[in-house]
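The block underneath contains the structure these notes are about, expressed in structure tokens.
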Number of protein chains: 2
Amino acid sequence: MNITISDLSKMTGLAKSTISGVLNNKEGFSEKTRQKVLQTAAQYGYVPNEIARGLTSRFTKTIGLLIKDITNPFYNHITKGVQEVAAEHGYTVFLCSSGEDHKMEVEQIQAMVGKRVDGLIIAPLLEEVSFDHIYALKRKKLPFVLLGNIPGLDCDTVEFDDYSGGKQVTEHLLQKGHTRIGFVNGLNTSKAGKLRFAAFQDTLFAHSITTDPKYIFKEAKSLSDGYAIGNQLIAMEDRPTALVCFDDVIAMGVIKAFDNAGLKVPDNLSVTGFDDIELAIFPLTTVSIPTLEAGKALAQTLIDRIMQERVSKSKHIVFEQKLIPRASVKQL
Amino acid sequence: MNITISDLSKMTGLAKSTISGVLNNKEGFSEKTRQKVLQTAAQYGYVPNEIARGLTSRFTKTIGLLIKDITNPFYNHITKGVQEVAAEHGYTVFLCSSGEDHKMEVEQIQAMVGKRVDGLIIAPLLEEVSFDHIYALKRKKLPFVLLGNIPGLDCDTVEFDDYSGGKQVTEHLLQKGHTRIGFVNGLNTSKAGKLRFAAFQDTLFAHSITTDPKYIFKEAKSLSDGYAIGNQLIAMEDRPTALVCFDDVIAMGVIKAFDNAGLKVPDNLSVTGFDDIELAIFPLTTVSIPTLEAGKALAQTLIDRIMQERVSKSKHIVFEQKLIPRASVKQL
DNA sequence: TTGTAAGCGTTATCAG
DNA sequence: CTGATAACGCTTACAA
């Protein structure tokens with residue numbers, strides 16, 4: 001069905017190794033043979049079987065990418081970055097989503113290992129979860145780079161400074177005169193959420209401000225979660241004056257709820273997010289995160305590691321987060 | 001580095017074929033051997049080399065997905081759908097983006113064919129472009145399904161009824177009393193755009209309404225394109241009263257421009273989009289498109305075709321588009 | 001400059 | 001019930 005190198009060998013009367021050599025641009029073939037091979041290959045639409053090639057060469061020119069949800073702007077920008085540099089270097093990428101489910105994460109990684117990817121980029125669940133599968137990778141000496149880090153695990157990482165981001169928004173809110181501030185956190189399995197929240201609490205504590213526990217929400221992960229929380233807030237008589245959301249998507253959900261109820265942001269509630277997603281046309285004060293660049297860095301780091309045959313020591317890249325003040329926070 | 005079946009063979013003292021048989025749940029092995037194999041395999045963390053497996057079995061359990069831009073909600077929802085169904089059936093998916101570039105499209109498909117995917121899902125450029133690479137697939141008898149259709153090419157397809165969508169919005173606008181209506185089209189390579197625009201023109205024509213050519217824009221593909229067009233519109237003294245945009249992302253760009261200029265939608269301009277993306281918290285009148293479902297249908301159709309060994313005749317699935325009236329259109 | 005042969009990790013076939 | 005052996009399509013010594 002698919003033409004092979006031995007087919008070409010028979011057709012041209014040349015040996016398989018000759019065909020292979022020419023096709024791989026090796027030196028030392030007469031122009032005549034070279035032409036003959038190239039021509040008949042083109043004529044019959046020969047496409048080398050990379051999979052057979054991978055068997056001998058130990059390289060599949062494939063990398064795996066495991067993210068949480070392709071539908072989330074944060075992850076699809078990372079994906080785009082990975083994609084771009086992978087393609088530049090001739091790699092194809094397997095895309096897998098864990099959907100924030102640990103079992104799925106383990107399975108998908110396993111599947112990609114089985115398919116003998118040359119390396120893996122993983123955005124793992126980082127809290128309240130076992131890392132056995134990641135350690136297994138390390139033991140196998142399969143190159144991989146993590147988005148985020150696992151304490152005590154020495155490997156390449158790309159990270160964002162979430163603590164700083166959390167601190168920046170909180171201080172901004174404080175400066176604007178807010179003292180009754182709520183926080184909507186993401187999933188418990190997210191380390192970014194843990195760090196942002198820690199920064200939030202620490203910063204408030206440093207200013208001797210305490211938060212009412214009823215202003216703290218958890219486990220939000222979608223626009224509809226944000227929407228539901230927005231409605232809870234609307235129903236409270238002593239609402240906070242400001243709300244820090246784990247990401248822009250959630251923030252948009254909250255804003256939508258207020259909008260639907262005829263309330264205004266920031267007049268009735270100041271709202272902030274994280275990610276600075278382009279689609280949020282609402283002038284949302286947020287913390288920008290260089291996701292596209294991080295994706296590129298992720299892929300570049302992995303490819304470097306694959307080439308170097310894992311000699312050099314681990315690389316750790318940290319991207320800064322930066323507050324983007326816009327109009328969703330009111331000066332009190 | 002990676003443990004193989006022959007390693008297991010040596011360790012257990014059993015033959016390779018025995019190991020292979022047990023691992024693949026074949027009948028006819030004593031419970032004793034079975035246990036022995038399974039146990040040592042687990043002990044040493046054996047992961048079958050799918051790539052070697054693929055060499056003999058002719059199946060790689062991998063499918064390829066080629067889209068235009070993962071960052072666009074339309075495509076990432078399709079991707080999510082494909083992903084889900086693929087994972088359910090034990091397939092891993094290669095994700096490639098053409099970035100709306102024909103050369104890239106050809107190359108990426110070529111790469112995936114080289115990696116011997118079992119089948120391909122392609123969202124190809126459909127206008128002003130050659131289809132040689134698609135015909136080559138057909139000749140190779142490699143299963144594939146298209147998002148959209150190519151006239152004269154008999155293959156599985158999943159489509160949206162873009163003409164109907166275009167007609168629905170246009171009629172809606174007419175009903176609301178608009179007669180000076182503009183249109184922002186997507187790229188020339190998009191058939192969806194061609195169809196939506198044709199419906200737009202036909203519908204206006206049927207109502208004996210003509211559009212001013214200066215109200216027609218082309219080649220928009222991003223929020224910033226929409227933004228720029230919004231600004232052009234703002235600068236016009238005789239603006240249209242309504243604007244049909246190729247998709248929600250572009251529409252959001254237009255709205256953003258108006259917002260920034262202190263103008264209001266729909267008071268100063270009625271705007272509509274396509275896709276009904278969740279993130280558009282602005283109450284945008286749009287045409288909803290079941291992208292997630294389409295993604296699932298795409299994957300299911302492909303997998304069916306792979307199993308059936310391409311006997312049955314081509315399947316064509318058409319998803320309807322549906323107008324979702326919201327508040328971005330003003331009653332005149 | 002070209003050809004032969006072995007090997008990559010599996011599965012399949014066919015004896016034992 | 002188990003074990004050799006060939007085959008999948010390619011690369012790579014090594015030989016001619």
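When reading the values below, keep in mind they use all heavy atoms of this one structure, side chains included, and skip hydrogens, waters and symmetry mates. All chains are named by letter (A, B, ...) in the order of the sequence lines, taking the proteins before the strands, and each is independently numbered beginning at 1.
Counting all heavy atoms, side chain and backbone alike, B:Arg305 lies closest to B:Pro143 at CG-CB, 3.7 Å. Closest of all the heavy-atom pairs between A:Leu126 and A:Asn149 is CD2-O, 3.7 Å. The heavy-atom pair separating B:Val145 from B:Leu302 by the smallest distance is CG1-CB, 3.4 Å.
In this entry the distance linking CD of A:Glu50 with P of D:dC10 reads 10 Å, nearest Å. When rounded to the nearest whole Å, the span between CZ of A:Arg53 and P of C:dG9 equals 18 Å. Distance, A:Asn2 CG to D:dG9 P: 9 Å, rounded to whole Å. If you measure from atom CD1 of A:Ile3 to atom C1' of D:dC10, you get 15 Å, rounded to the nearest angstrom. Distance B:Leu23 CG to C:dG9 C1': 12 Å, rounded to the nearest Å. Taking atom CD1 of residue B:Ile19 and atom P of nucleotide D:dG3, one finds them 9 Å apart after rounding to whole Å. The interatomic distance linking B:Arg116 (CZ) with C:dT10 (P) rounds to 20 Å, in whole Å. Straight-line distance from the CD1 atom of B:Ile51 to the P atom of C:dT11: 14 Å, rounded to whole Å.
Applying a 4.0 Å cut-off to non-hydrogen atoms, the residues of residues 26-35 of chain A that approach DNA chain C are A:Gly28, A:Phe29, A:Ser30, A:Thr33, listed by residue number.
A:Gly13 comes within 4.0 angstrom of the backbone, heavy atoms only, and of no base. Among the protein residues, B:Leu14 comes within range of the sugar-phosphate backbone only, with heavy atoms under 4.0 Å from sugar or phosphate atoms but none that close to a base.
For A:Ile5, counting side-chain heavy atoms from C-beta on, the closest listed nucleotide (C:dT10, D:dC10, D:dG3) is D:dC10. Residue A:Arg58 has its side chain nearest to C:dC8 when only D:dC10, D:dT11, C:dC8 are considered. Of the candidate nucleotides C:dT11, C:dC8, C:dT10, C:dC8 has the atom lying nearest to any side-chain atom of A:Leu55.
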| query | Checking side chain to side chain donor-acceptor pair (under 3.5 Å) for the pair B:Thr92/A:Lys115: CA distance, chi angles, key distance, verdict? | reply | CA-CA 9 Å; B:Thr92 310; A:Lys115 299 211 162 149; 2.9 Å; yes
| A:Leu8 and A:Thr40: side-chain contact (heavy atoms from CB on, under 4.5 Å), yes or no, with the steps? | CA-CA 7 Å; A:Leu8 288 180; A:Thr40 54; 4.1 Å; yes
| request: Begin with the C-alpha distance, continue with both residues' side-chain angles, and end with the deciding distance and a verdict on side-chain contact (heavy atoms from CB on, under 4.5 Å) for A:Leu153 and A:Leu146. | output: CA-CA 10 Å; A:Leu153 207 209; A:Leu146 253 36; 4.2 Å; yes
| task | Apply the test side-chain contact (heavy atoms from CB on, under 4.5 Å) to residues A:Ile67 and A:Phe74: give CA-CA distance (whole Å), side-chain angles for both, the deciding distance (0.1 Å), then the verdict. | result | CA-CA 10 Å; A:Ile67 57 172; A:Phe74 178 85; over 6 Å; no
| task | Applying side-chain contact (heavy atoms from CB on, under 4.5 Å), run through A:Lys221 and A:Asp69 and close with a yes or a no. | result | CA-CA 10 Å; A:Lys221 65 168 183 175; A:Asp69 177 14; over 6 Å; no
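In this structure, B:Leu125 and B:Glu100 have side chains that are in contact, with non-hydrogen atoms separated by less than 4.5 Å. Side-chain contact between A:Glu128 and A:Lys194: present, with at least one pair of heavy atoms (C-beta onward) separated by less than 4.5 Å. Residues A:Glu50 and A:Thr62 form no side-chain contact, since every pair of their non-hydrogen atoms from C-beta on lies 4.5 Å or further apart. Residues A:Lys68 and A:Glu105 are not in side-chain contact: their nearest non-hydrogen atoms beyond the backbone lie 4.5 Å or more apart.
Between its opening and closing five pairs, the helix from C:dT1-D:dA16 to C:dG16-D:dC1 changes axis direction by 40°, a value rounded to 10 degrees.
Sorted by first and then second residue, the pairs that involve residues 94-141 of chain B and meet ring pair (Phe, Tyr, Trp, His ring centres under 6.0 Å), not counting sequence neighbours, are A:Phe94-B:Phe94, B:His102-B:His133. Counting only residues at least two apart or in different chains, ring pair (Phe, Tyr, Trp, His ring centres under 6.0 Å) contacts with residues 30-54 of chain B are absent.
Between A:Ser20 and D:dT11 there is a side-chain N or O to OP1 or OP2 distance below 4.0 Å. Under 4.0 angstrom from either OP1 or OP2 of C:dG3 there lies at least one side-chain N or O belonging to A:Thr18. In this model, the phosphate group of D:dG9 is not approached by any side-chain N or O of A:Tyr46 to a distance below 4.0 Å at OP1 or OP2. The shortest distance between the side-chain N/O atoms of B:Asn24 and the OP1/OP2 oxygens of C:dT11 is below 4.0 Å.
Side-chain contact of B:Gln43 with B:Gln39: a donor-acceptor pair under 3.5 Å is absent, judged by distance alone.
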Report all interatomic pairs (protein N or O, nucleotide N or O of nucleotides 14-16 of chain C) with separations under 3.5 Å.
none

Atom pairs under 3.5 Å, N or O on each side, protein against nucleotides 5-7 of chain D: can you list them with distances?
none

